[in-house]
Colleague: 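Got a structure for you, written out below as structure tokens; questions coming shortly.
Just follow the structure's listing: the first ligand is 1, and inside any ligand the first atom is 1.
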Amino acid sequence: MPIVVVVGGQWGDEGKGRIVDLLARKARVVARYSAGNNAGHTVVNDRGEFRLHLVPAGIFYPEKTCVIGNGVAIDPEVLLDEIAQLQSRGIDTSRLVVSDRAQVIMPWHKLIDRLDEQLRGANAIGTTGKGVGPCFVDKVARRGIRVADLLRTEDLVERVKPALEFANRLITGVYGADPISFTECIERYKEFGQRLKPYVGDVQSIILEAHRRGEHVLLEGAQGSLLDLDHGTYPYVTSSVPSSSSGGAALGVGIGPTEISRVVGVFKSYCTRVGNGPFPTELFDETAEKLRDHGKEHGHGEYGTTTGRPRRIGWLDAVAARYSVRFNGLSAVALTRLDVLDDLPAIKICTAYELGGRIIDTLPASDSLLRQVRPVYEELPGWQQPTTHCRSFDDLPPQAKAFVRRVEELLQCPVDLISVGPEREQAIIVNPIF
Ligand code: IMP
Ligand code: MG
């Protein structure tokens with residue numbers, strides 16, 4: 001039975017939570033494999049609206065095992081809080097398993113995240129400030145603290161001592177801020193470890209055993225491929241591997257790339273980005289306002305789930321999207337928020353870039369060149385009628401069908417799923433993914 005990966009195709013917030021919630025119905029195991037609580041998923045179901053940062057979106061179905069893989073940076077305080085909130089709203093969290101190999105976000109990571117952004121000044125990345133970047137820096141520097149280390153005080157002390165000593169030198173020497181107390185840190189994290197203990201387990205075995213038993217497994221990406229450390233718009237990226245390329249998803253839960261059978265990329269019908277960095281199709285006019293505030297009164301406007309920041313808005317960038325289709329090796333596209341375009345008289349898609357008088361159809365690696373590209377647009381007629389009630393491809397107005405078909409052509413990937421509203425059933429399954 002397939003292991004299916006769901007990745008964000010753009011700069012995050014494409015509606016992965018919603019797609020995962022839909023696909024989770026058929027899965028036995030749902031796993032998060034990357035990022036940390038910089039990510040935010042909004043899920044709307046019969047129990048209400050939930051904003052998740054670490055717990056996989058499969059948690060709302062009883063009988064599903066939800067796992068947080070080794071590739072995720074975990075802030076224990078945030079995770080315990082999220083668990084408590086879910087429990088207080090009647091959601092059973094006993095099926096949650098956290099990898100003992102996952103990295104832990106420590107107090108100095110959060111502090112350094114903020115201090116480093118200040119130091120960068122005008123070149124700030126616009127991070128979410130959750131300490132995820134500095135946590136991955138320590139991981140790569142082989143100074144990181146892992147979930148397994150939280151469970152035994154001797155290990156915790158031994159691991160934190162040199163890591164904090166280094167961090168405090170950085171905090172005081174480079175950033176000129178006050179150091180972090182070792183004893184306070186140990187006391188807090190020792191307690192977190194004890195509270196997390198019941199959830200800690202061997203994620204890899206859970207996934208592989210479910211796979212061998214012939215059950216469906218869903219690997220849930222966070223953020224977007226264009227924020228990928230390797231393939232994204234560097235340096236305005238996140239510090240982990242949101243994409244499925246180079247087996248990011250497999251790496252993040254401890255399985256081989258050959259176990260993955262399909263990769264679904266989630267793309268918005270337009271584009272958004274939070275934080276700084278190039279965004280060729282960005283709009284600053286009233287269309288941007290209109291798209292940002294669509295559904296705002298119900299909390300579905302384009303404002304960050306994690307930080308509340310207004311998202312930057314633009315037309316669908318098919319150059320960036322096709323690049324993302326390629327490096328993720330996507331088997332299918334899930335196109336979300338089609339209904340947000342319902343009122344528009346005309347819809348644009350960027351099909352190429354103009355750079356120094358030349359037309360190009362790939363994303364330049366250089367940040368400064370990417371800032372210079374000018375989008376070449378194709379304009380399609382809008383449908384100017386609601387699509388929120390559509391449940392099959394044939395229910396869509398002809399102009400909306402033409403838009404979807406054109407997206408398929410430009411992205412060179414089939415659109416297997418379309419979402420037309422935030423509710424679970426407001427979706428069109430063009431081809432079943434499981
Ligand atoms: P960091 O991941 O907090 O270090 O932030 C790095 C960049 O990734 C910033 O531009 C953030 O706004 C962006 N980012 C991080 N997580 C998400 C997410 O879940 N959705 C959208 N953007 C994100
Ligand atoms: Mg989000």
Colleague: To the nearest 0.1 Å, how far is atom 16 (N) of ligand 1 from its closest protein heavy atom, and which atom is that?
Modeller: Gln223 NE2, 2.9 Å

Colleague: Name the residue from Val104, Val200, Asp100, Val160 that meets the side chain to side chain contact (heavy atoms under 4.5 Å, CB included) definition with Leu150.
Modeller: Val104

Colleague: For atom 11 (C) of ligand 1, find the nearest protein heavy atom and state the residue, atom name and distance (0.1 Å precision).
Modeller: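 Looking at atom 11 (C) of ligand 1, the protein heavy atom closest to it is Gly126 O, 3.5 Å.
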
Colleague: Quick one: look at Tyr236 and ligand 1, take heavy-atom pairs under 4.0 Å, and tell me if it's side chain, backbone, both or neither.
Modeller: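 For Tyr236, there is no contact with ligand 1 at all, from either part.
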
Colleague: For ligand 1, which atoms sit closer than 4.0 Å to a heavy atom of Trp11?
Modeller: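 So the answer, numbered in order with elements, is 21 (C), 22 (N).
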
Colleague: If you measure from each heavy atom of Val237 to ligand 1, is any distance below 4.0 Å?
Modeller: yes

Colleague: Of the protein's non-hydrogen atoms, which lies at the shortest distance from atom 19 (O) of ligand 1, and what is that distance?
Modeller: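 Protein heavy atom with the smallest distance to atom 19 (O) of ligand 1: Ala39 CA, 3.1 Å.
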
Colleague: Counting from 1, what ligand 1 atoms have a heavy atom of Gly40 closer than 4.0 Å?
Modeller: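 Heavy-atom distances to Gly40 below 4.0 Å select 19 (O).
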
Colleague: Do Gln87 and Thr93 meet the criterion of a side-chain donor-acceptor pair at a distance under 3.5 Å?
Modeller: yes

Colleague: At the Mg ion (ligand 2), what angle lies between atom O of Gly40 and atom OD1 of Asp13, rounded to 10 degrees?
Modeller: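 For O of Gly40 and OD1 of Asp13, the angle centred on the Mg ion (ligand 2) reads 160°.
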
Colleague: How far is atom 10 (O) of ligand 1 from its nearest protein heavy atom, and which residue and atom is that?
Modeller: Val274 O, 3.2 Å

Colleague: Could you tell me whether the side chain of Asn168 and the main chain of Ile171 form a donor-acceptor pair under 3.5 Å?
Modeller: no

Colleague: Has ligand 1 got any nitrogen or oxygen that is less than 3.5 angstrom from a nitrogen or oxygen of Thr127?
Modeller: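 Not met; the criterion fails.
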
Colleague: Strictly by modelled atom types, are Asp342 and Thr387 linked by a side-chain donor-acceptor pair under 3.5 Å?
Modeller: yes

Colleague: Would you say the rings of Phe279 and Trp11 are close, in the sense that their centroids are separated by under 6.0 Å?
Modeller: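 Ring centres of Phe279 and Trp11 closer than 6.0 Å.
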
Colleague: Is the number of heavy atoms from other residues, nucleotides or ligands under 6.0 Å of Tyr234 OH greater than 12?
Modeller: no

Colleague: For side-chain hydrogen bond (donor to acceptor under 3.5 Å, both in side chains), just list the numbers for Asn328 and Ser225, CA-CA rounded to whole Å, side-chain angles, deciding distance to a tenth of an Å, and then say yes or no.
Modeller: CA-CA 8 Å; Asn328 276 299; Ser225 298; 2.8 Å; yes

Colleague: Could you verify whether a donor N or O on one side chain and an acceptor N or O on the other, from Tyr270 and Arg337, lie under 3.5 Å apart?
Modeller: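 The criterion, which ignores hydrogens and geometry beyond distance, is satisfied for Arg337 and Tyr270.
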
Colleague: Is the ring pair Tyr323/His231 parallel, tilted or perpendicular, if the boundaries are 30 and 60 degrees?
Modeller: perpendicular

Colleague: Could you work out, for atom 3 (O) of ligand 1, the closest of Thr128, Leu229, Ile125 by heavy-atom distance?
Modeller: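 It is Thr128 whose heavy atom sits nearest to atom 3 (O) of ligand 1.
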
Colleague: Could you tell me the residue and atom name of the protein heavy atom closest to atom 2 (O) of ligand 1, and the distance to it rounded to 0.1 Å?
Modeller: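 Result: Thr238 OG1, 2.6 Å.
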
Colleague: Quick check on Ala222 - does any of its heavy atoms sit under 4.0 Å from an atom of ligand 1?
Modeller: no

Colleague: State, without any angle test, whether Glu82 and His53 hold a side-chain donor-acceptor pair at a distance under 3.5 Å.
Modeller: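 There is no such pair (donor and acceptor under 3.5 Å, judged by atom type) between the side chains of Glu82 and His53.
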
Colleague: At less than 4.0 angstrom from any non-hydrogen atom of Gly275, what atoms of ligand 1 do you find?
Modeller: 10 (O), 12 (O)

Colleague: Heavy atom under 4.0 Å from ligand 1: found in Arg309's side chain, backbone, both, or neither?
Modeller: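 Only the side chain of Arg309 comes within reach of ligand 1.
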
Colleague: Give me the nearest non-hydrogen protein atom to atom 23 (C) of ligand 1 as residue plus atom name, then the distance to 0.1 Å.
Modeller: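 Protein heavy atom with the smallest distance to atom 23 (C) of ligand 1: Leu227 CD1, 3.6 Å.
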
Colleague: Which protein heavy atom lies closest to atom 21 (C) of ligand 1, and at what distance to 0.1 Å?
Modeller: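 Going by distance alone, atom 21 (C) of ligand 1 is nearest to Asp13 OD2, 3.1 Å.
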
Colleague: Counting only heavy atoms not in Arg101 (residues, nucleotides, ligands), do more than 12 fall under 6.0 Å from its CZ?
Modeller: no

